[in-house]
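Below is one structure; the comments refer to it alone.
The chains referred to below are lettered A, B, ... by the order of the sequence lines, with proteins before strands, and numbering in each begins at 1. Quick caveat, the model's predicted, so the values are computed rather than measured. Side chains included, hydrogens not; waters and symmetry mates left out as well; all remaining heavy atoms used.
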Amino acid sequence: MTEKKIRCRIAPSPSGFLHIGTAKTALYNWLFARSQDGAFILRLEDTDAERTDEQYVDAMCEGFRWLGIDWDEGPKFGDEPQKGAYGPYRQSERSHFYQREAERLLQEGKAYKCFCTREEIDAMREQAAREKRPPRYTGKCRNLTPDEIAAKGETPYSIRFRVPEGETVVEDVIQGPVRFNNKEYDDFIIVKPNGAAIFHLAVVVDDGLMEISHIIRGDDHLTNAGRHVMLFNALGYPLPKFAHHPLVHDEQGRKYSKRLHGANVLDWREDGYLPETLINYIALLGWTSEEEGREFFSLEELKGMFTLKRLTKSPARFDRKKLDWLNGQHIRMLSPEQLRDRVVPIMRKHNLDVDARQQEWLLEVVSICQEKIPTLNHIVGYTDFFFERPATYDEKGTRKFFEKEESVLWLQTAIECMQQADVWDHQTLKAQYEADAAAKEIKIGALVNTTRLALTGKTVGPGLYELTALLGRDEALARMERALTFIQQQSGDTQT
RNA sequence: GUCCCCAUCGUCUAGCCUGGUCUAGGACACCGCCCUUUCACGGCGGCGACAGGGGUUCAAAUCCCCUUGGGGACGCCA
C-alpha cells in the first residue's frame with residue numbers, strides 16, 4: 001500500500017496576533033499531522049499587503065513558538081530560514097503561480113474576463129438588496145464574444161470563475177456530506193483588476209501545489225469550501241479531505257472577538273498560564289479523548305491520541321474557570337526546577353530581588369507554593385514577604401488575630417515556640433507549636449494564624465512551618481517582635 | 001433576505017453512526033461534609049440536562065420531519 005503522505009497546513013493571515021481560534025486550527029492540523037507521521041506547513045496569507053506588517057508576522061510566529069507548535073515547512077521567521085520543498089510559503093511571493101493558473105482557467109473557458117466597474121457591481125448589489133434577492137453577480141460579462149472582449153481594448157478587467165451548473169458536495173470529515181446548489185454561488189472574482197489573486201484562487205492553488213492532503217479549518221469556511229471544491233476540480237488538482245470544525249466562542253457564546261482579552265494567545269502567557277495548559281485546553285475545546293473522562297493531557301500524549309473522528313461538531317465556549325483548574329493541574333506536574341525557572345522571571349519583574357538569594361533556597365520557596373498557585377503570576381503574592389517585611393497587616397486578619405484580648409498572649413506564645421525550637425526546621429516548629437498550644441490550651445489555629453499575619457502580613461500563603469523555616473530564625477523573630485510592638489501600640493491607642 | 005452548520009446539566013462533554021445495557025456517565029463551577037494552621041490540593045456527597053412539537057418503532061437522547069434558538073457564509077478581505 002502506497003499511502004499518500006499526510007500534509008496539513010495552517011494558513012493565517014498575519015493581520016494581527018495569533019488568535020485563539022487560529023491556534024485551535026493550527027493545533028488540530030499539527031496534531032493530526034504529527035499523529036499520522038505527516039508534515040505540518042505554515043503558510044502566510046499575506047496577499048493583502050495593506051494589512052500585513054512584519055511585526056504582526058513576528059507576533060504570530062511567537063505565539064506558535066510559545067505553544068510549542070513547530071512547522072516542518074514554512075517561511076523564514078526570525079533566525080529560522082525558510083524550509084520545505086514547496087515554497088515560497090508566503091502568498092505575496094507566489095503571485096506567479098496564481099497568474100499562471102488563472103490564465104489556464106481563462107484558456108479553458110473555466111473563467112472569464114469581467115469588465116464591470118466597481119460602481120456597476122455596487123449598483124447591482126443595491127438593486128438586489130432592494131428586491132430582497134441574495135446579492136449575486138448577474139453574469140453580465142459571462143458570455144461576451146471574443147469580438148466584444150477585443151473591443152474593450154485596455155479596459156481593466158477582473159477574472160471571474162465560471163461556476164458550473166449542478167450541485168457541489170463537500171465531503172466533510174466532521175460535518176458529513178454538505179450539499180450546495182451551485183445556484184447559491186455567483187461567478188466569483190478570482191483575480192482583481194490589478195492582477196492580484198483573490199483568496200479563493202490563492203488558497204486552492206497553494207493547497208493544490210503544496211499537495212495538502214487535509215484541510216482542517218474553522219467552519220466559517222464551510223460555504224467557501226464549495227467554491228474551493230469547484231476550483232480544485234477546474235484546476236485538475238486531486239481533492240483534499242476537508243474537516244471544518246466549529247469556532248471558539250467567548251463566555252457569552254459569541255465568536256471570540258479579536259478585541260477581547262485572551263483573543264491573543266500571548267495574553268495568557270502574560271496572565272501566568274502555561275503553554276501546556278493552553279494546548280490542553282484548546283484541544284478540549286472541540287475534541288475528546290477515546291479514553292473516556294480523561295481531560296489532562298500533555299502535548300506529547302495528545303500527539304499519540306489525536307484523531308479527527310473525535311472532533312466535536314458544536315461550538316464550545318471558552319471557560320476561564322476550567323482553564324484555571326487545568327493550569328493548576330499542569331503547574332503541579334512541573335518539577336520544582338521547572339517551576340522555579342518559569343516563575344523567577346516573574347518575581348524579578350515584580351522587583352523581588354531573587355538574584356541576591358541562593359538557588360537552593362529559591363527552589364524551596366517555590367516548592368512550597370507549587371500546590372497552591374493557580375497561575376504563575378500568583379507566585380508574587382505568595383512569596384513577596386520573603387523579600388521584604390510586610391508594610392501593612394491584612395485588615396480582616398488584624399481584626400481576627402491582632403485585636404483580640406488574647407492576641408498578645410498568642411504572639412508571645414508563638415515567640416516562645418520559636419525561641420525554644422532547638423532546630424530551625426518544619427518538624428521542630430510544628431512540634432513546638434503543638435506542644436505549647438496544648439499546654440496553654442490555645443487553639444493551634446490562633447497561634448498559627450497570628451504568626452502568619454506577623455510574618456507575612458497576610459492570611460493566606462504557603463504552609464506556615466515551611467515558610468517560617470525558610471524565612472530564618474532571626475528574621476522571623478524580628479518580625480514577631482515588630483508585630484508585638486504593633487499590637488501593643490494599637491491597644492494603647494484605643495485605651496487612651 | 002438566501003444558503004450552510006449546530007442543539008444533552010450554568011459551562012465543556014460521554015452516549016447518537018450500529019435504537020433497548022441511560023431511573024443519561026464524567027469534568028469545571030456551585031453547595032455541603034471530611035482532611036487541614038489559612039488558602040489550595042485531595043476524599044465523600046449534593047444540585048443539575050436529552051430545546052419544543054410531531055412522526056417511525058414493541059422500544060428514541062439515539063432514526064425522520066417541522067418549529068424555535070444559536071452560529072456562520074453571502075467582498076475587487078483572508
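The backbone N or O of A/Phe385 sits nowhere less than 3.5 Å from a side-chain atom of A/Thr456 that would complete a donor-acceptor pair. Within the 3.5 Å criterion, the main-chain N or O of A/His249 finds no donor-acceptor partner in the side chain of A/Arg317. A donor-acceptor pair is defined here as one N or O able to donate and one able to accept, closer than 3.5 Å; such a pair exists between the side chain of A/Trp268 and the backbone of A/Gly262.
Across all strands shown, B/G45 forms a Watson-Crick or G-U wobble pair, both distances under 3.5 Å, with B/C31. Across all strands shown, B/A61 forms no Watson-Crick or G-U wobble pair with both key distances under 3.5 Å. Pair assignment for B/A24 gives none, since no Watson-Crick or G-U wobble pairing has each distance under 3.5 Å. Across all strands shown, B/C74 forms a Watson-Crick or G-U wobble pair, both distances under 3.5 Å, with B/G1. When both pairing distances are held under 3.5 Å, B/C39 makes no Watson-Crick or G-U pair with any nucleotide shown.
A/Thr117 comes within 4.0 angstrom of a nucleotide base, judged by non-hydrogen atoms across all strands. Among the atoms of the strands shown, none is found under 4.0 Å from any heavy atom of A/Cys369. Across all strands, A/Gln91 comes closer than 4.0 Å only to sugar-phosphate atoms, never to a base (heavy-atom distances). Here A/Tyr465 lies in heavy-atom contact (under 4.0 Å) with a base. The residue A/Ile198 sits close only to the backbone: its heavy atoms come under 4.0 Å of sugar-phosphate atoms, none of a base. Among the atoms of the strands shown, only primed sugar atoms or phosphate atoms (P, OP1, OP2) are found under 4.0 Å from some heavy atom of A/Gln329. Using a 4.0 Å heavy-atom cutoff across all strands shown, A/Lys255 reaches sugar-phosphate atoms only and no base atom. Within 4.0 Å (heavy atoms only), A/His249 reaches sugar-phosphate atoms of the nucleic acid but no base atom. Residue contacts for A/Gly461: at a heavy-atom cut-off of 4.0 Å it reaches a base atom on one of the strands shown. Heavy atoms of A/Gly218 sit nowhere under 4.0 angstrom from any nucleic acid atom. Among the protein residues, A/Thr451 comes within range of no part of the nucleic acid, since none of its heavy atoms lies under 4.0 Å from any strand.
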Determine, stepwise, if the pair A/Asp250 / A/Phe318 fulfils side chain to side chain contact (heavy atoms under 4.5 Å, CB included).
CA-CA 5 Å; A/Asp250 63 22; A/Phe318 197 95; 5.7 Å; no
Apply side-chain hydrogen bond (donor to acceptor under 3.5 Å, both in side chains) to the pair A/Thr413 and A/Asp436, showing each step before the final yes or no.
CA-CA 7 Å; A/Thr413 307; A/Asp436 281 27; over 6 Å; no
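Here the options are A/Ile215, A/Asn29, A/Ile41, the test is side chain to side chain contact (heavy atoms under 4.5 Å, CB included), and the partner is A/Cys8; only A/Asn29 passes. Just one of A/Arg94, A/Arg217, A/Arg43 meets the salt bridge (Lys or Arg N to Asp or Glu O under 4.0 Å) condition when paired with A/Asp207; it is A/Arg43.
Protein atom CZ of A/Phe297 is 14 Å distant from nucleotide atom P of B/A27, rounded to whole Å. Rounded to a whole Å, the CG atom of A/Leu247 is 7 Å from the P atom of B/G72. A/Arg254 places its CZ atom 14 Å from the P atom of B/U11, with the value rounded to the nearest Å. At whole-Å resolution of the value, CZ in A/Phe318 and C1' in B/U13 are 16 Å apart. In this structure, the CG atom of A/Asp250 is 13 Å from the P atom of B/U11, given to the nearest Å. Counting to the nearest Å, the C1' atom of B/G71 and the CG atom of A/Asp220 are 11 Å from each other.
Dashed line: the shortest gap from a side-chain N or O of A/Lys321 to OP1 or OP2 of B/C28 is not under 4.0 Å. For B/G10, neither phosphate oxygen OP1 nor OP2 lies less than 4.0 angstrom from any side-chain nitrogen or oxygen of A/Gln252. For B/C77, one of the phosphate oxygens OP1 or OP2 lies less than 4.0 angstrom from a side-chain nitrogen or oxygen of A/Lys192. Distances shorter than 4.0 Å separate some side-chain N or O of A/Arg310 from OP1 or OP2 on B/G15. Between A/Gln175 and B/C6, a side-chain N or O to OP1/OP2 separation shorter than 4.0 Å is present. Contact annotation: A/Arg125 side-chain N/O to B/G75 OP1/OP2 distance is under 4.0 Å. Distances shown here put a side-chain N or O of A/Thr288 below 4.0 Å from the OP1 or OP2 atom of B/A14.
If you take atom C1' in B/C12 and the same atom in B/C74, they sit 31 Å apart, rounded to whole Å. Only the P atoms considered, B/A49 is 23 Å distant from B/C44, to the nearest whole Å. Comparing B/G15 with B/A7, their C1' atoms sit 15 Å apart, to the nearest whole Å. When the P atom is used for both B/G52 and B/C9, the distance is 10 Å, rounded to whole Å. A distance of about 23 Å separates the C1' atoms of B/C28 and B/A51, rounded to the whole Å. B/A24 and B/A61 are spaced 11 Å apart, taking the P atom of each and rounding to whole Å. Separation of the P atoms belonging to B/C6 and B/C63 is 12 Å when rounded to the nearest angstrom. Across the C1' atoms, B/C47 and B/G10 are found 11 Å apart, a figure rounded to whole Å.
Applying the 6.0 Å contact sphere to CZ of A/Arg100 captures more than 12 heavy atoms from other residues, nucleotides or ligands.
The side chain of A/Pro135 sits closest to B/C74 out of B/C74, B/A14, B/A78. Closest contact between the side chain of A/Val460 and the listed nucleotides B/U38, B/C12, B/U2 involves B/U38. Nearest nucleotide to the side chain of A/Lys322, out of B/C12, B/A14, B/U37: B/C12. For A/Asn224, whose side chain is taken as the heavy atoms from C-beta onward, the closest listed nucleotide among B/G26, B/A78, B/U11 is B/A78. Looking at the side chain of A/Ser314, the nearest of the listed nucleotides B/G1, B/U13, B/U37 is B/U13. Each of B/G42, B/A29, B/C3 was ranked by its minimum atom distance to the side chain of A/Glu184; first place goes to B/C3. In this structure, the nucleotide among B/A78, B/U11, B/G1 sitting nearest to the side chain of A/Ser13 is B/A78. The side chain of A/Leu222 has B/C5 as its nearest neighbour among B/A78, B/U37, B/C5. Considering only side-chain atoms of A/Ile121, the nucleotide from B/C76, B/C12, B/A78 that sits closest is B/C76. Side-chain proximity of A/Arg332 to B/C41, B/C76, B/C12: nearest is B/C41.
In terms of position on RNA chain B, the residue among A/Leu464 and A/Tyr281 whose nearest nucleotide sits closer to the 5' end is A/Tyr281. Mapping A/Arg317 and A/Asp219 onto RNA chain B by nearest heavy atom places A/Arg317 at the nucleotide closer to the 5' end.
Put simply, CD on A/Glu276 and CG on A/Leu299 are 8.5 Å apart, with the number rounded to the nearest 0.5 Å.
Side-chain N/O atoms of A/Tyr98 and A/Asp206 include a donor and acceptor closer than 3.5 Å.
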